[in-house]
Amino acid sequence: MRPILIRGGRIIDPSRGIDEVADLYLADGKVQASGAGLGRPDDALVVDAAGKVVSPGLIDLHVHLREPGQEDIETVATGAMAAAAGGFSAVCAMPNTDPVTDNQAAVGFIVSQAQRAGKARVYPIGAISLGQKGRQLAEFGELVGAGAVAVSDDGKPVVSSHLMRTALEYARTFGIPVADHCEDPTLSAGGAMHEGLVSTRLGLKGIPAAAEEIMVARDILLAELTGGHMHLCHMSTRGSVELIRRAKEKGLRVTAEACPHHFTLTHEACEGYNTNAKMNPPLREPEDREAVRQGLRDGTIDAICTDHAPHHYDAKEREFDDAPNGIIGLETALGLAVTELVETGLLTLADLVLRMSVMPARVFNLPGGTLAPGSPADVVVFDPGARWTVRPEEFFSKSRNTPFGGRELRGRADLTIVRGQVVFQRNGGTAERR
Amino acid sequence: MASAPALGKDLIGLEQLGAEQIRLILDTAEPFKEVSERPIKKVPALRGKTIVNLFFEASTRTRISFEFAEKRLSADTVNVATAASSVSKGETLVDTARNLEAMRIDMVVIRHGASGAAQFLGQRIRSNVINAGDGKHEHPTQALLDMLTLRDRFKRLEGLKVAICGDILHSRVARSNIWGLTRLGAEVGVCGPATLLPRNVQELGVTILPRIEDAIQWADALNVLRLQLERMQAGFLPSLREYNRVFGVTNERLARAPKDLLVLHPGPINRGVEIDSDVADGPHSVILPQVTNGVAVRMAVLYLLAGGSPDWAQSSGGGD
């Protein structure tokens with residue numbers, strides 16, 4: 001494996017409080033050194049990163065890679081490539097595949113597909129319940145043994161409070177978080193978008209914010225009851241942010257994530273029955289978007305995740321009620337975060353790296369999220385000032401379902417390194433061989 | 001002759017229309033009323049045009065009304081109902097639309113259970129699309145015929161107080177009436193159990209009237225919506241009996257009105273539920289004039305979307 005010297009970039013590593021222009025030297029799959037004016041070993045690949053940010057690779061706690069079961073819309077390989085192109089060195093794959101990732105063999109399959117792909121790391125998340133049916137616990141021990149990093153029934157809420165309680169208690173044995181998709185299905189049933197003025201005008205059944213908040217409140221209470229690690233997925237409402245803020249003040253083991261679409265868009269995006277704005281949880285109101293932003297600023301929300309959810313174009317090319325939920329996000333997340341959070345002055349670049357790399361690694365106890373010597377050589381070089389226009393047809397993902405097509409963004413990954421190997425390099429980018 | 005089509009390509013809803021456009025439709029409907037009173041109920045305005053009535057939901061009144069409107073304008077029409085179409089074989093709406101278009105049709109009248117279906121179709125085919133009711137979104141021709149009926153009786157819409165009563169949440173008729181009436185300067189109230197009022201509805205510029213007695217005190221006219229009987233199963237209401245006792249429009253309640261109220265209903269009525277028979281059949285009711293006006297309004301919409309000019313309608317309607 002050829003060593004890599006990344007020269008002259010702005011190294012931002014919030015895990016060690018570092019923000020300085022320096023060189024970074026990677027060899028044997030690990031960070032070896034960082035500092036000013038590192039010498040170049042003869043065989044090293046030299047990357048000129050002047051004007052760019054060099055940070056630990058981004059980590060996405062929440063993606064849907066659709067393999068096994070829907071390989072026509074995404075695979076582990078295409079998803080891992082899309083992740084790399086988005087600056088992610090690792091992603092966590094939700095278990096709502098077909099069949100469900102609820103056993104050792106299924107977890108092992110994803111691990112081996114990810115190894116074959118050799119792009120971003122893919123960490124499987126196992127199901128909480130067998131078949132995600134919400135009845136019987138899956139074998140967490142076996143799942144973790146095969147490589148699962150968390151458990152979740154994402155896509156569906158865990159309706160039974162008893163099951164969630166036992167999941168939190170049992171997960172403690174293995175030191176993994178339980179990630180919940182917070183939705184009270186009796187309140188959200190049949191809903192196609194956020195319940196508010198826009199749903200009233202469009203005549204679509206709404207999903208009230210309370211459908212999420214009721215489950216957030218319950219999950220927090222169960223975290224308190226059990227001492228388990230509760231991770232709250234894709235938080236979208238001001239009420240949820242407030243509940244989490246109070247739980248954290250009490251010192252409970254509660255962590256949370258939020259998606260770029262929830263800090264960028266509101267329910268207005270559904271105007272014209274735009275099915276690429278249909279997702280679950282739905283796009284909410286401006287006050288909710290602001291609360292999510294503030295939660296990311298003050299750390300109430302630990303991590304930015306994409307909830308990357310590929311769909312075939314003709315699944316979205318239909319009546320709003322019948323279109324599936326979800327959008328892809330791996331190749332737009334960094335640009336949206338820079339544009340919406342950094343350019344607006346809400347976050348510094350160091351905060352952004354904290355929310356997209358350092359904290360995700362800590363929340364799920366993953367390798368990476370740091371450039372400390374000896375840590376994995378998972379690195380992203382990105383240009384925070386790059387102006388680019390989202391062109392879904394150029395995505396590495398197999399799917400194109402994004403509401404951001406045509407949007408001009410700032411900030412884009414140029415180079416992604418995983419285990420010391422370049423897995424993505426933008427054409428005409430910063431890397432050059434010498 | 002007017003040059004550009006006055007309404008655009010499609011009629012999806014009244015939300016997108018301005019006051020002038022709505023007034024144009026109502027004014028154009030006036031001469032068409034007379035066509036239906038003739039022994040030979042036909043004008044050649046749409047001769048040679050082909051129109052498909054594409055009904056994905058059961059409908060008697062609206063479909064027949066459109067069909068009469070089309071035939072009285074001399075258009076060639078085909079009715080497609082879901083049970084008889086390939087939709088039941090799993091064909092998507094977009095494929096159905098493209099196949100119809102490949103047969104070179106001029107207009108599609110669509111009724112569909114999904115909100116947004118009419119707009120979806122309109123954006124994907126070149127033919128004119130008329131929304132005959134899409135989910136809980138809009139039913140513009142129903143609101144137009146309601147407005148025409150109100151205008152016939154009150155000679156104005158501006159300043160008129162119209163209370164829409166019943167299941168506002170699930171009603172496309174309510175939404176279209178709210179847009180249309182407010183555009184033309186009427187005041188709109190909505191009255192119904194809180195379980196059946198949509199979120200933030202007051203932001204559409206309407207007054208919330210919590211009790212039917214409030215509506216009767218406030219309004220010049222009541223537009224009483226049909227209560228879908230399945231709302232009880234969904235937990236919105238305890239019983240039809242109680243609905244009638246609390247929200248039913250009865251002669252007893254109307255007798256306490258400060259003004260002589262007009263009562264509209266888009267039909268079909270549930271006698272003894274949202275409206276008592278003696279109201280529906282009594283002097284306040286304009287339910288049947290609404291139906292008559294429905295044909296004229298739909299003729300006007302078809303005619304204007306096909307590019308017809310209001311002047312021509314005047315002369316044609318007057319004595320062609």
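Keep in mind that this is a model prediction, so the values were computed, not measured. Naming convention: chains lettered A, B, ... in sequence-line order (proteins, then strands); numbering from 1 in each chain. All values below come from the heavy atoms of this structure, side chains included, with hydrogens, waters and symmetry mates left out.
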Q: Go through the atoms of Arg124(B) and report whether side chain, backbone, both or neither lie under 4.5 Å from a heavy atom of chain A.
A: side chain
Q: Mark yes when over 12 heavy atoms from residues, nucleotides or ligands other than Arg245(A) sit less than 6.0 Å from its CZ; otherwise mark no.
A: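 More than 12 heavy atoms, drawn from other residues, nucleotides or ligands, come within 6.0 Å of this atom.
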(Q) Suppose a student defines contact as a heavy atom less than 4.5 Å from any heavy atom of chain B. Which residues in residues 317-326 of chain A would they list? (A)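 Only Glu317(A), Arg318(A), Glu319(A), Asp321(A) of residues 317-326 of chain A have a heavy atom under 4.5 Å from chain B.
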Q) Which one of Glu203(B), His170(B), Glu138(B) has the most heavy-atom pairs closer than 4.5 Å to chain A? A)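 The answer is Glu203(B).
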Q) Who among Gly272(A), Pro208(A), Ala189(A), Ala192(A) has the most heavy-atom pairs with chain B under 4.5 Å? A)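 Between Gly272(A), Pro208(A), Ala189(A), Ala192(A), the count favours Gly272(A).
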Q.
Out of Gly206(A), Gly196(A), Ser199(A), return the one with the most heavy atom pairs under 4.5 angstrom to chain B.
A. Gly196(A)
Q) Do the non-hydrogen side-chain atoms of Ser115(B) and Leu202(A) ever get within less than 4.5 Å of each other? A)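 No; the side chains remain at least 4.5 Å from each other.
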Q. Is there a side-chain contact between Arg201(A) and Leu204(B), using heavy atoms and a 4.5 Å cut-off?
A. yes
Q: Using the ring-ring contact (aromatic ring centres under 6.0 Å, His included) rule, collect all pairs that involve residues 266-296 of chain A, keeping only residues at least two apart or in two chains.
A: His194(A)-His267(A), Tyr273(A)-His137(B)
(Q) Tell me if a side-chain donor or acceptor on Thr200(A) pairs with a main-chain N or O of Arg199(B) at a distance below 3.5 Å. (A) yes
